[in-house]
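All remarks here apply to the structure that follows.
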There are 2 protein chains.
Amino acid sequence: MSVKIAVLGYGVVGSGVVELFYKNKKSIEQHAGCEMDIKYIVDIRDFSDSPYKDKFTKNFDDVLNDPDVTVVAECMGGTEPAFTFLKAALEKGKSAATSNKELVAAKGDILLAAANANNCNFFFEASVGGAIPIIRPLHRCLAANEITAAAGILNGTTNFILTKMYSDGMSFEAALKLAQELGYAEKDPTADVEGHDACRKICIISSLVFGKHVYPDSVYTKGISEIQLCDVAAADILGHSVKLIASVKKLEDGRILPAVMPMLVPHEDIMSGVSDVFNAVTVYADGIDKAMFYGRGAGKLPTASAVLGDVIEAAKHKVTVFSQTWESCSDNSFIAPVSELRAKWYFRVPDDCENLPEGTYTDENGSSFITKEILSFDEAQAKAKALNAMSCLPVL
Amino acid sequence: MSVKIAVLGYGVVGSGVVELFYKNKKSIEQHAGCEMDIKYIVDIRDFSDSPYKDKFTKNFDDVLNDPDVTVVAECMGGTEPAFTFLKAALEKGKSAATSNKELVAAKGDILLAAANANNCNFFFEASVGGAIPIIRPLHRCLAANEITAAAGILNGTTNFILTKMYSDGMSFEAALKLAQELGYAEKDPTADVEGHDACRKICIISSLVFGKHVYPDSVYTKGISEIQLCDVAAADILGHSVKLIASVKKLEDGRILPAVMPMLVPHEDIMSGVSDVFNAVTVYADGIDKAMFYGRGAGKLPTASAVLGDVIEAAKHKVTVFSQTWESCSDNSFIAPVSELRAKWYFRVPDDCENLPEGTYTDENGSSFITKEILSFDEAQAKAKALNAMSCLPVL
């Protein structure tokens, strides 16, 4: 039997899927245990010069109505028409693999329910951490663990900017401009810089780990646009790197606390060494203590690798993989507000402040220190106000 | 249907498997999609005080002859009787999960063939990198990639010793003594210190990735007992950490070059920050570029987590997973000798040496430098001899 695939969208990721598939077709088929081929590439644009021109169609119904096609690889991005297309495909029993974090974070529960109801699979390894295997390790390899928390550097653009601030002494603005010149940041960098992209990814991880859909608008999200070079430099002297951390933690009462915010990561933590556009996710659990997964979080072939890994899984699994699913959830009471976040905190305060703790570092930009005690988010905000702090960031 | 498990060996790992299983039984069953229980614990010792005393048997035939038992978790260690027991179990169609790297490196091909012939599975996630998911990510998540190389810190004992030399300025002997006091190193530390443990693990990775059984005696293996504190210190000044690296690389002609040896890892490489008893494996492939997997390489619950992850997979998979297998191989011509290894090299030479390159660091222990050019292993040995070098180590 030969498994027929349809690739939706022939942009960066979609063309990468086609390229990597034909490059490694023989070993991909060995891994899948069956013959495989791409039968359709769906894109409204014209690709009549492409070597794959015979596979192109502008009409998704060609895929939907072809019973030969059993796996759909969605690489269009955005919620529509991706959602409508995938829902229709799943309802026909065709499995789907997607790299579309916006879609999974907004509509994952509905698509998983459609897959479960129709004995097929909705896979989304590529939607978090690009090339990094994280979704499957979470629900399969770590299946014997109770996962208590996860924290990740899930946006390559902001990590590149913070790395340039740290290693080359660039200002935020200069580093952003360089990221744009190199194609790492969009012309409108809001989704990356303000943390919305990382937020979608921690929503997906949270939903998978804790079993209920976590929507982006219920997650406190703060980006890196207010981070000053002097904070990055002072944090380094205090033994920490500044990173945009997307995290989720299970509280003692069973609620979870997801958040996206710049945090200080101690140099002893392997995550502090994750630099440039690389991503990483650390998972904390009762059996393993902690494990970290590191790799390229974006890019043509890295993302294609993850999509194709899922396509191969879909070809192998004739029934739904129930360990990789979560419920819809209209009630958000299982999500704790950021005010309950507890951490040590970094403060930068005017250098005429009195009674600063031992280890305070002072330069022309003020006095920087990390608290010895653990404070809640609200306590830290109050302390920052009392001290006229210029900066106030939690420590991972 | 309830899946019945037998645990072989009630030492550190086996008791961890039982503990973690009953701690997380409910969520383990959710992940497996079926009820599960441990029916037997096989150990020749007496555990009549144990809360699980009704499950103990000294006779493996009780497991073998009980058709209820479909999954065997082997935590005895050593090749015998583990090999005889698992081969008999697989031939009866019972799947097996093991943490036993010695067994997998010596007899993996035979046990995989037995599993394939009897429509069951032989899983060994716990045999490499303890808690770290690496076996399943390699053959499943990265299935669309051509893997070109892998390099890992696969022995926690030696990494602890090297970390103590680096961060506390301890001599090798003092660090080894501390590792023994903390229970990280055996009374006879040879298998760890001389690289034999890491060798077994890179044999397993090499066999899985390249499809042919690689035996430990065909892999060049050098441990860390000759590493001097002054080399660790000089390497740091030259921007590198000294690590015991187990690696395998695919050469252009299709042969592979596995090796275990101390190497210098550049500080820019995330692997240089893997410290204490932690392990990590970096995988290089055409789709992902590179990805690293990091976590605890040993210990009761971390290893149990990996064994139970496999037990859950075995409960779910009623047929053989053919992507996770390799062939027996009597002909070693696919393995290149270490003389073909090519790298930049670190040398420490007497400080009266002439014509040393720019960037050479000199102290009372000699002059240390890293070559700009790439040399073969044989060329490096010749150069070391010509320079009367005290140390000669490759750079990763």
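Within every chain, numbering begins at 1; the chains are lettered A, B, ... in the order of the sequence lines, protein sequences first and strands thereafter.
Put simply, CG on A/Leu182 and CZ on A/Phe160 are 5.0 Å apart, with the number rounded to the nearest 0.5 Å. Atoms CD1 and CE, on A/Ile153 and A/Met271 in that order, are 5.0 Å from each other to the nearest 0.5 Å.
Heavy-atom distances place both the backbone and the side chain of B/Val274 under 4.5 Å from chain A. At a 4.5 Å heavy-atom cutoff, the contact between B/Ala143 and chain A is made by backbone and side-chain atoms alike. For a residue to count as touching a neighbouring chain, one of its non-hydrogen atoms must lie under 4.5 Å from one of that chain's; by this rule B/Phe21 does not touch chain A. For B/Ile312, the part lying under 4.5 angstrom from a heavy atom of chain A is the side chain only.
Residue with the most contacts toward chain A among B/Ile270, B/Leu308, B/Ile28: B/Ile270 (heavy-atom pairs, distance under 4.5 Å). For the options A/Ala144, A/Gly295, A/Gly309, A/Gly273, heavy-atom pairs under 4.5 Å to chain B are most numerous at A/Ala144. Per-residue heavy-atom pair counts under 4.5 Å with chain B were compared for A/Val311, A/Val321, A/Leu301, and the maximum is reached by A/Leu301.
The two residues A/Leu142 and B/Ala131 make their nearest non-hydrogen contact at CD2-O, 4.4 Å. The two atoms that bring B/Ala280 and B/Ile132 nearest to each other are N-CD1, 4.2 Å, heavy atoms only. Closest non-hydrogen pair, A/Cys329 versus A/Phe334, comes out as SG-CE2, 3.4 Å. Residues B/Val3 and B/Cys34 share a closest heavy-atom pair of CG2-SG, 3.7 Å.
Looking only at side-chain heavy atoms (C-beta outward), B/Ile135 and B/Ile204 come within less than 4.5 Å of each other.
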Cross-chain donor-acceptor list, chain A and chain B, 3.5 Å limit, no angles:
from: A/Lys23; atom 1: NZ; to: B/Asp286; atom 2: OD2; distance (Å): 2.5
from: A/Asn24; atom 1: ND2; to: B/Ala144; atom 2: O; distance (Å): 2.8
from: A/Asn24; atom 1: ND2; to: B/Asp286; atom 2: OD1; distance (Å): 3.4
from: A/Asn24; atom 1: ND2; to: B/Asp286; atom 2: OD2; distance (Å): 3.0
from: A/His31; atom 1: ND1; to: B/Ala143; atom 2: O; distance (Å): 3.4
from: A/Arg140; atom 1: NE; to: B/Glu313; atom 2: OE2; distance (Å): 2.7
from: A/Arg140; atom 1: NH2; to: B/Glu313; atom 2: OE1; distance (Å): 3.0
from: A/Arg140; atom 1: NH2; to: B/Glu313; atom 2: OE2; distance (Å): 3.2
from: A/Ala143; atom 1: O; to: B/His31; atom 2: ND1; distance (Å): 3.4
from: A/Ala144; atom 1: O; to: B/Asn24; atom 2: ND2; distance (Å): 2.8
from: A/Asn145; atom 1: ND2; to: B/Ser305; atom 2: OG; distance (Å): 2.7
from: A/Asp286; atom 1: OD1; to: B/Asn24; atom 2: ND2; distance (Å): 3.4
from: A/Asp286; atom 1: OD2; to: B/Lys23; atom 2: NZ; distance (Å): 2.6
from: A/Asp286; atom 1: OD2; to: B/Asn24; atom 2: ND2; distance (Å): 3.0
from: A/Asp289; atom 1: OD2; to: B/Arg296; atom 2: NE; distance (Å): 2.6
from: A/Asp289; atom 1: OD2; to: B/Arg296; atom 2: NH2; distance (Å): 2.9
from: A/Met292; atom 1: N; to: B/Tyr294; atom 2: O; distance (Å): 2.7
from: A/Met292; atom 1: O; to: B/Tyr294; atom 2: N; distance (Å): 2.8
from: A/Tyr294; atom 1: N; to: B/Met292; atom 2: O; distance (Å): 2.8
from: A/Tyr294; atom 1: O; to: B/Met292; atom 2: N; distance (Å): 2.7
from: A/Arg296; atom 1: NE; to: B/Asp289; atom 2: OD2; distance (Å): 2.6
from: A/Arg296; atom 1: NH2; to: B/Asp289; atom 2: OD2; distance (Å): 2.9
from: A/Ser305; atom 1: OG; to: B/Asn145; atom 2: ND2; distance (Å): 2.7
from: A/Glu313; atom 1: OE1; to: B/Arg140; atom 2: NH2; distance (Å): 3.1
from: A/Glu313; atom 1: OE2; to: B/Arg140; atom 2: NE; distance (Å): 2.7
from: A/Glu313; atom 1: OE2; to: B/Arg140; atom 2: NH2; distance (Å): 3.2
from: A/Lys316; atom 1: NZ; to: B/Ser323; atom 2: OG; distance (Å): 3.3
from: A/Ser323; atom 1: OG; to: B/Lys316; atom 2: NZ; distance (Å): 3.3

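Under the side chain to side chain contact (heavy atoms under 4.5 Å, CB included) criterion, A/Val209 pairs with A/Leu138, A/Ile147, A/Ile205, sequence neighbours left out. Scored by the side chain to side chain contact (heavy atoms under 4.5 Å, CB included) test, A/Ala291 finds A/Ile288, A/Phe293 as partners (sequence neighbours excluded).
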